[in-house]
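Data first, discussion second: the structure below is written as structure tokens.
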Amino acid sequence: MLSVLLVAGSGWGWYLGRVAEAAVNRTDAIPSDGNEDTAGAGEAMNLLLVGNDSRVNLTDQQLTDLNAGEDSGVNTDTMILVHLPANGAKASFVSFPGTAT
């Protein structure tokens with residue numbers, strides 16, 4: 001009985017993971033090319049990562065449960081500038097605080 005419960009619980013967890021994965025919108029923000037090693041020196045790369053916060057599709061109950069306040073229709077966006085050095089050193093990240101308008 002315990003084995004059946006463990007298998008069923010694992011299957012349910014896997015299913016919920018697939019549902020969560022399907023609900024996320026993804027963009028290929030970091031290209032796989034452009035920072036190749038050319039004659040011992042790669043090229044530096046700068047990327048701008050942008051995300052937005054929208055509560056338009058939340059119900060009043062969800063807004064209350066999440067303590068999200070009222071939806072203004074325009075919420076704070078997130079912007080992060082990433083610099084990948086040509087020498088392969090650690091990347092630098094700068095976060096720009098967004099403002100609701």
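Applying side-chain contact (heavy atoms from CB on, under 4.5 Å) to F93 and the options L81, L47, I80 leaves one that passes, I80.
Around the CG atom of D65, the shell of radius 6.0 Å holds more than 12 heavy atoms that belong to other residues, nucleotides or ligands.
Not a single ring pair (Phe, Tyr, Trp, His ring centres under 6.0 Å) links W14 to another residue, sequence neighbours left out.
With hydrophobic clusters built from ILVMFWY side chains whose heavy atoms lie under 4.5 angstrom apart, W12 does not share a cluster with L5.
In terms of heavy-atom proximity, P85 sits nearest to A91 at CD-CA, 4.1 Å. Taking each heavy atom of A86 and A44 in turn, the nearest pair found is CB-N, 3.5 Å.
Grouped with L2 in one hydrophobic cluster are L6, the linkage being side-chain heavy-atom contacts under 4.5 Å among Ile, Leu, Val, Met, Phe, Trp and Tyr residues.
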